[in-house]
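One structure is given below, encoded as structure tokens.
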Amino acid sequence: MNVASVIVDVITKQTDKTFDYLIPDKWLNTIQPGMRVIVPFGPRRIQGFVTEVKKHSDIHALKEIIEPMDLVPVLTDELLQLGNWLAENTLCFKISAFQVMLPAAFKAKYGKKIKLLSRENIEILPKEIRPFFEKSETVSWEDIAKNEHITLFQKEAARGTVEVIYEVKERLKKKKVKYISPAHSIEILIEQLKLLQKNALKQKIVLAYFIDHFEPVELQKLLARLDVSQATVKSLIKKGLLTEKYVEVYRDPYKDRTFAKTVPLPLTVEQLNAVKPIHQSIEQEINRVFLLFGVTGSGKTEVYLQSIQKVLAKGKEAIVLVPEISLTPQMVKRFKGRFGDEVAVLHSGLSAGEKYDEWRKIQRGEAKVVVGARSAIFAPFKNIGIIIIDEEHETSYKQEENPRYHARDVAIERAKFHNCPVVLGSATPSLETFARAKKGVYQLLTLAKRMNNQALPAVEIIDMREELRAGNRSMFSRLLFEKLTDRLEKKEQTVLFLNKRGHSSFVICRDCGYVLNCPHCDISLTYHRFNQQMKCHYCGFETSVPTKCPECSSKHIRYFGTGTQKVEEELGKLLPEARVIRMDVDTTSRKGAHERLLDNFQRGKGDILLGTQMIAKGLDFPNITLVGVLSADTMLHLPDFRSSEKTFQLLTQVSGRAGRHKLPGEVIIQTYTPEHYSIKLAGNQDFNRFYEQEMVVRKIHKYPPFYFIVMLTVSHEQLMKVISVTGKIAEFIRARLSNNAIVLGPVASPIQRINNRYRYQCLIKYKQEQNLSQTLKAVLDHYQHDIANGLTISVDMNPYIMM
DNA sequence: AGCACGCCGACT
DNA sequence: GTCGGCGTGCTC
């Protein structure tokens, strides 16, 4: 007996285990662990992952596997194992763990249709449903559903006149291109050329081409090169002189681009000192974690590149994670420039097909280096020699939906398997990472100097309260405005940073104080000027701007807060000659828009780059000499214990954009709380002091890295349900954990309602709890039934977003 | 998740 | 006496 254990594609607790299936003899040598298969499951057919092939099963009535979906396993043994680890550590289902490791194209789509079993049956069908089978034997379920004849069809299915067919569909086809090749030897072609009719000029041209270039050629290229039509080629095929075949091709998102080849740069003493231990770890295949702590512009990338070079020389592979790569085309350029076609790129800006193709390049071993965002950590390499995580502190490495994993943790887990180093790079490491480096768990490598010994930019902190007192009510301080005009005159570039998109943050009635809120979420709507709409940034709800207050009918509506759009407008008024490029979610949502805008800026088509978060990282343009942060404290007052850390990181990152090359840079930070340590210390670019100070705060309040935390969020349409469930859960957990653990809550989430669902949460802080994971599993187990009926309980081990 | 099975109220 | 509501439990 040959049996395959399969994890099926049904996301529930009850099915979160393997199901055994017989392997039909014809697939016996094909089916292996890590492959996707189609299996019967109840009356349906669904996708599943084979986790094991064995000789025995304790289940007596086994069904057979219907067919494999892959010829080669899509998950290696290591990735299967990693899937189990993910499921265990993030408390997600195994099927979700497997699916997150693969491109979305591998997720099955399901179809359902009704088939008429025999033409003769049509006579005995009820007359309402006869017309459905007039044209074809099958009807899709959707067509039936919208005609409200479902019950009639179901009766027929039970009677046996029609059959319900469940199908598993592939999401994507491999892209194929038609190739034309000669069907005979050159000699024969030469002979045949003479035999062609005199007036078959075009055919002669084609044949002559193949005599000169005796090799397959892409049809489209052939047509373009010889300026002949498809018919010409067709007739030659018909004569048996040429053959056509389809060849699978990759959709290469970077195909139209050439990358200038770069060579390793000479390293500074500091860089050499950093590269040495990394090389050693690669050479001796020792699993180690390094923290490459280097100030902005200190040349971390070159350290990465030369470490990878070493890995490639050993015949191994490298994974490089960068925060949301579409944001840093410059990064791609550097890697492709050094390693050429060996580089695969994976990020959210690619289409599903492009991602799939890049993934397959990796799987087939055609790429040796992958540069990508979070999910690239699952690249199906078999022989990893190094994993690099750039901007290690970036919160985008944490996935905020199931499985709620952190790429850093996955990297460390994979590196253990491959006995290779992990390099975490940052100018402003997360406190957790820096604390580990200090304790010696990670090895600290420091780059304290900027390349070319360029000085860090001079930072000036402006107290906006002073500006108000001095009668300046504008969003620009006098100093910033002065410098801005100065740069315009000198034809140097400025980056203005503001972490709020839209126009104004909210709309308030001057008479009664009414604030326009989203009807589905407990959050105020944001005014977007370009389409004159109020928009909810959480559920996407949109409504027009009120002309009068919905509460008191007053016409005195005021726009409060400042967004990128409003700044753009203001700049247009104050400095009409300045060319402003605005970058935020609204201007970069279209594919390639991001890169285009940056490109324009780089080529000097803009004087001021105005943007949100997304311009804080990776910009490296020589002509930027001024960076202005319009309001440093917007994120400081969020209900999040990391808000100081995030503020410090962001300010430091943004400041790092200035003066990276020959021209010295200046930074102006505007704030209403200049005395706050995260702002003051960002001004001095003093990470170490910030670390010391923030650690004191974390210790007092029992937050990471002193404690681990788990956030449990319950949501449901009914408020009472949410409150009672969360209360019971908190009580249950409290009773099961030791006295050293702290269970806070239940409390309403900072945003009490999103999309008409109420949200309550419960925060667990702990140092070491043997029973924790077991207890949390028990909670999920206990509410299994409610979860199936619209309750959600999300458990986030190590949350990054506290809302 | 789907779906079948099964047990109580309003209809022919 | 039947149709159909959705609560319950199963899928190798």
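As the structure is a computational prediction, the values presented were derived from the model and not from experiment. Proteins come first, then strands; the chains are lettered A, B, ... in the order of their sequence lines, and each starts at number 1. Atom set for the values below is all heavy atoms of this structure, side chains included, hydrogens, waters and symmetry mates excluded.
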Handout entry: Glu731(A) bridged to Lys728(A) by N-O distance under 4.0 Å
Key = no
Exercise for the section: Considering only NZ, NE, NH1 and NH2 on the basic side and carboxylate oxygens on the acidic side, decide whether Lys355(A) and Glu358(A) come within less than 4.0 Å. Expected result: no
Problem - Heavy-atom pair with the smallest gap, counting every atom of Val795(A) and Arg404(A) - result: O-CD, 3.6 Å
Handout entry: Distance-minimising heavy-atom pair for Arg414(A) and Phe378(A)
Key = NH1-C, 3.4 Å
Please tabulate, for the side chains in residues 94-103 of chain A, all donor-acceptor contacts under 3.5 angstrom to protein atoms that are two or more places apart in sequence or on a different chain.
residue: Gln99(A); atom: NE2; partner: Asp9(A); partner atom: OD1; Å: 3.4

Taking DNA chain B as the partner, which of [range] come within under 4.0 angstrom of it by heavy atom?
range	result
residues 777-796 of chain A	none
residues 11-19 of chain A	Ile11(A), Thr12(A), Gln14(A)
residues 37-61 of chain A	Pro43(A), Arg44(A)

Inter- and intrachain pairs under salt bridge (charged side-chain N to carboxylate O under 4.0 Å, His left out), touching [range], at least two apart:
range	value
residues 748-761 of chain A	Asp522(A)-Arg753(A)
residues 95-110 of chain A	none
residues 80-89 of chain A	Glu88(A)-Lys777(A)

Exercise for the section: State yes or no: are the ring centers of Tyr800(A) and His406(A) separated by less than 6.0 Å? Expected result: yes
Measure the distance from [atom1] on [X] to [atom2] on [N] and round it to the nearest whole Å.
X	N	atom1	atom2	value
Asn2(A)	dC12(C)	CG	C1'	16 Å
Glu64(A)	dC12(C)	CD	C1'	13 Å
Ile66(A)	dC12(C)	CD1	P	10 Å
Ile95(A)	dT11(C)	CD1	C1'	14 Å
Leu62(A)	dC12(C)	CG	P	10 Å

Sort me out a list of protein N/O and nucleotides 4-6 of chain C N/O pairs below 3.5 Å, or just none if empty.
none

Fill in the blank from the handout: Residues passing the side-chain hydrogen bond (donor to acceptor under 3.5 Å, both in side chains) test with Lys765(A), sequence neighbours excluded, are none
Handout entry: Partners passing side-chain hydrogen bond (donor to acceptor under 3.5 Å, both in side chains) against Gln784(A) (at least two apart in sequence or in another chain)
Key = Gln14(A)
Handout entry: Phe19(A) six-ring centre to Lys17(A) NZ/CZ under 6.0 Å and within 45° of normal
Key = yes
Practice task
Name the nucleic acid region contacted by Tyr166(A), choosing base, sugar-phosphate or nothing; use a 4.0 angstrom heavy-atom cut-off, strictly under.
Solution key: sugar-phosphate
Completion exercise
So CG of Leu776(A) and CD1 of Ile733(A): to nearest 0.5 Å the spacing works out to 5.5 Å
Handout entry: Along DNA chain B, first and last positions that approach a heavy atom of chain A under 4.0 Å
Key = dA1(B) to dC3(B)
Without placing hydrogens or testing angles, list every side-chain donor-acceptor pair under 3.5 Å for residues 31-54 of chain A, not counting sequence neighbours.
residue: Gln32(A); atom: NE2; partner: Thr30(A); partner atom: O; Å: 3.4
residue: Arg36(A); atom: NE; partner: Asp70(A); partner atom: OD1; Å: 3.2
residue: Arg36(A); atom: NE; partner: Asp70(A); partner atom: OD2; Å: 3.0
residue: Arg36(A); atom: NH1; partner: Phe106(A); partner atom: O; Å: 2.9
residue: Arg36(A); atom: NH2; partner: Asp70(A); partner atom: OD1; Å: 2.7
residue: Gln47(A); atom: NE2; partner: Phe106(A); partner atom: O; Å: 3.0
residue: Thr51(A); atom: OG1; partner: Ser5(A); partner atom: O; Å: 3.4
residue: Lys54(A); atom: NZ; partner: Ser5(A); partner atom: OG; Å: 3.3
residue: Lys54(A); atom: NZ; partner: Asp20(A); partner atom: OD1; Å: 3.4
residue: Lys54(A); atom: NZ; partner: Asp20(A); partner atom: OD2; Å: 3.1

Practice task
Could you tell me whether a side-chain N or O of Arg734(A) sits under 3.5 Å from a main-chain N or O of Val743(A), the two making a donor and an acceptor?
Solution key: yes
Exercise for the section: State, without any angle test, whether Thr726(A) and Gln761(A) hold a side-chain donor-acceptor pair at a distance under 3.5 Å. Expected result: no
